[in-house]
Enquirer: 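Would you mind keeping the following structure in view while I ask a few things?
Only a predicted model underlies this, so the values are computations on that prediction, with no experimental measurement involved. Each chain gets a letter, A, B and so on, in the order the sequences are listed, and its residues count up from 1.
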Amino acid sequence: MLRFYDTLSREKREFAPRKDGEVSLYACGPTVYDVPHLGHARTALTYDILVRFLRWQGHDVVYVANITDIDDNIIARAQRENSTEPEIAATYEAEYIRQLDRLGIEHPTHRTHATDYIAEMIGVIEVLLERKMAYTLDSGVYFDVSELDDYGALVHRTADDLRETAMARVEADDEKDDPLDFALWKAAKPGEPTWESPWGPGRPGWHIECVAMALGILGPGFDIHGGGSDLAFPHHENERAEAVATGQPFANTWIHSAMINVGGEKMSKSLNNFTTLADILDNHDPRVLRLLMLQTHYRKTMEVNGDALAAAAQALDRFNAFDRSAASAGVVASTPDQAILDEVIEAMNDDLGTPKALATTFETVRAANAAIAANDLELAASLKATLDEVLSVLGLAPAESAGDDEDSAAIDALVAERDEARANKDFETSDRIRDELAAQGIVIEDSPTGATWYRKK
RNA sequence: GCGUCGGUGCCCGAGCGGCCCAAGGGAAGGGACUGCAAAUCCCUACAGUCGCGGGUUCAAAUCCCGCCCGGCGCUCCA
């Protein structure tokens with residue numbers, strides 16, 4: 001039985017898509033005004049795994065991931081760099097996608113852009129005004145929180161409670177009726193990009209984007225809404241408020257992925273303590289990051305640092321090493337072991353228990369290695385098939401062997417030369433060759449059938 | 001302050017009432033294999049107060065209460 005932890009009800013709930021076998025998912029993506037960091041990767045990875053798992057289990061998944069391509073930060077950067085908002089957004093969106101591609105994050109079914117849904121947003125705002133859930137001021141259109149009875153439900157606070165802290169920071173000239181009210185449409189300010197609307201030129205508020213896109217593409221009562229836990233308030237709370245206020249059911253399940261910390265503090269742009277994704281990916285096999293992240297449950301805050309990456313790199317090598325020894329032993333994947341697969345599925349069914357699934361995977365690697373050592377190739381072939389399947393679902397499948405670059409013939413020759421030296425007990429020569437290759441990042445592994453080599457990344 | 005999540009071995013990290021003298025990974029020690037390594041396998045040590053103190057229960061890391069500590073949210077944020 002598949003269960004997810006739902007932020008709204010605060011419990012693990014059995015997951016039943018509104019339409020049998022077809023899952024609708026909406027996950028908030030980034031505002032593209034800077035390069036992606038590790039935090040963006042963790043969130044994207046969470047939903048990537050969710051989608052991969054659901055598809056593996058036979059569900060069709062419609063996955064919408066948005067890109068916020070207009071907002072204060074983008075405008076500010078465009079002005080600072082004497083550029084334009086579309087240019088800034090396009091640049092960083094491309095970078096975001098490029099890095100996610102390296103991490104093996106699959107593309108969503110729809111990657112939507114806020115600026116492509118202005119008309120839909122206006123439509124939603126009109127409904128809200130008609131239903132008297134919003135009001136117009138000179139500075140824009142605002143959502144009227146007092147008209148809603150369960151505002152704050154997603155973060156388990158009462159409106160009064162939220163209002164109290166909000167009061168403390170309302171600016172004196174703020175003309176909103178209630179400090180909790182938030183903008184649906186922001187009236188044009190000089191120098192800012194604008195769109196026409198029934199309330200004059202302006203641009204949309206943040207939350208309305210997601211409502212328009214989620215409801216527009218997935219429809220009312222879609223299955224899952226995801227995002228980073230820092231978006232729960234105010235973003236998701238406000239999305240929910242808007243959607244509910246139109247009279248439509250919104251997300252059935254809310255999933256939030258936890259933050260990445262640096263030295264005990266949240267990694268973020270505003271704290272300027274972030275490590276860019278590119279930085280990590282330039283220096284590590286992308287699967288190292290993936291493995292590291294999947295070893296921690298998605299709802300638990302985690303720390304990413306050099307030690308953790310090194311440990312994950314070591315762990316990942318177990319998969320690689322098995323693949324090498326399977327290849328040299330001539331083990332070809334046969335039929336997966338259903339009992340092991342079931343164990344993995346059970347772990348994943350329980351709110352995406354990737355750490356547990358990986359534990360099973362590592363146990364399988366050991367068993368598979370042992371099978372090869374014991375020359376039980378039939379067992380090894382089945383375990384290899386099992387591993388191939390699981391690792392591919394988790395996005396950890398070994399990269400295609402890039403063995404035929406131009407140097408490989410030369411290396412083959414050296415390895416052969418070393419084999420010969422060893423046969424002649426000329427260990428001085430054989431060790432010299434091994435050291436030379438090691439200096440180039442090439443590792444030699446001896447086996448009864450002769451030496452093989454691979455590049456250490 | 002309020003809300004929320006968490007505090008498990010040397011490190012990371014599962015577990016969420018009995019199957020736990022607590023998974024898995026990393027690091028450590030020993031053995032096998034090897035000319036020596038690497039890889040692999042086997043074994044060992046490492047949690048025994050599972051933050052602290054109470055309580056519930058035949059039974060608690062797991063439930064309840066209180067306390068201490070930390071993260072996140074309450075402001076743009078993945």
Enquirer: I need the single residue from A:L309, A:L391, A:L358 that forms a side chain to side chain contact (heavy atoms under 4.5 Å, CB included) with A:L291. Which is it?
Expert: A:L358
Enquirer: If pairing requires Watson-Crick or G-U wobble contacts with both distances under 3.5 Å, which nucleotide is the partner of B:G17?
Expert: none
Enquirer: With a 3.5 angstrom cut-off on both distances, give the Watson-Crick or G-U wobble partner of B:U49, or none if there isn't one.
Expert: none
Enquirer: Across all strands, who's sitting opposite B:C63 as a Watson-Crick or G-U wobble pair, both distances under 3.5 Å?
Expert: B:G55
Enquirer: Heavy atoms, side chains only, cut-off 4.5 Å: are A:M267 and A:N261 in contact?
Expert: no
Enquirer: Under a 3.5 Å cut-off for both distances, is B:A28 Watson-Crick or wobble paired, and to whom?
Expert: B:U44
Enquirer: Could you tell me whether the side chain of A:D431 has a donor or acceptor atom within less than 3.5 Å of a complementary atom in the base of B:A37?
Expert: no
Enquirer: Indicate whether OP1 or OP2 belonging to B:C41 is found under 4.0 Å from a side-chain N or O atom of A:N369.
Expert: yes
Enquirer: I'd like to know if the side chain of A:R157 reaches the main chain of A:Y151, judged simply by a donor and an acceptor atom lying under 3.5 Å from each other, with no hydrogens or angles considered.
Expert: no
Enquirer: Does A:R10 place a side-chain N or O at less than 4.0 Å from the phosphate oxygens OP1/OP2 of B:U4?
Expert: yes
Enquirer: Would you say A:K12 reaches B:C16's phosphate, i.e. side-chain N/O to OP1/OP2 under 4.0 Å?
Expert: no
Enquirer: With a 4.0 Å limit, can you tell me whether A:R366 has a side-chain N or O closer than that to the phosphate oxygens OP1/OP2 of B:C42?
Expert: yes
Enquirer: Distance between the P atoms of B:G3 and B:C46, in whole angstroms?
Expert: 43 Å
Enquirer: Taking B:G13 as the reference, what is the distance to B:U4 when you measure between their P atoms (whole Å, please)?
Expert: 24 Å
Enquirer: What is the base-pairing partner of B:C33, counting Watson-Crick and G-U wobble geometry with both distances under 3.5 Å?
Expert: none
Enquirer: Taking only the P atom of each, what is the distance from B:A60 to B:C20 in whole angstrom?
Expert: 15 Å
Enquirer: Can you tell me the base-pairing partner of B:G70? Count Watson-Crick or G-U wobble geometry only, both distances below 3.5 Å, and say none if there is no partner.
Expert: B:C5
Enquirer: Once the angle between the rings of A:H225 and A:F222 is folded into 0 to 90°, is it parallel (under 30°), tilted (30 to 60°) or perpendicular (over 60°)?
Expert: tilted
Enquirer: Rounded to the Å, how far apart are A:F427 CZ and B:U34 P?
Expert: 12 Å
Enquirer: Verify the contact: side-chain N or O of A:Q314 to OP1 or OP2 of B:G25, cut-off strictly under 4.0 Å; return yes or no.
Expert: no
Enquirer: Counting only side-chain nitrogens and oxygens, does A:K356 get under 4.0 Å of the OP1 or OP2 atom of B:G13?
Expert: no
Enquirer: Is the distance between the ring centroids of A:H110 and A:Y63 under 6.0 Å?
Expert: no
Enquirer: Hey, which of these two, A:L358 or A:P234, hits RNA chain B nearer its 5' end, going by closest nucleotide?
Expert: A:L358
Enquirer: Output yes if the stacking criterion (under 5.5 Å between centres, under 30° between planes) is met for A:F233 over the base of B:G73, else no.
Expert: no
Enquirer: For the CG atom of A:L396 and the CG atom of A:D388, what is their distance to the nearest 0.5 Å?
Expert: 12.5 Å
Enquirer: Do A:R434 side-chain and B:A37 base share a donor-acceptor contact under 3.5 Å?
Expert: yes
Enquirer: Suppose you measure atom P in B:A59 against the same atom in B:G66; what distance do you get, rounded to whole Å?
Expert: 23 Å
Enquirer: Quiz question: going by heavy-atom distance under 3.5 Å, is there a donor-acceptor pair between the base of B:C2 and the side chain of A:T165?
Expert: no
Enquirer: Between A:F362 and A:E445, which residue's closest nucleotide on RNA chain B lies nearer the 5′ terminus?
Expert: A:F362
Enquirer: Is there, by distance only and without an angle test, a donor paired with an acceptor across the side chain of A:R318 and the base of B:G25 below 3.5 Å?
Expert: no
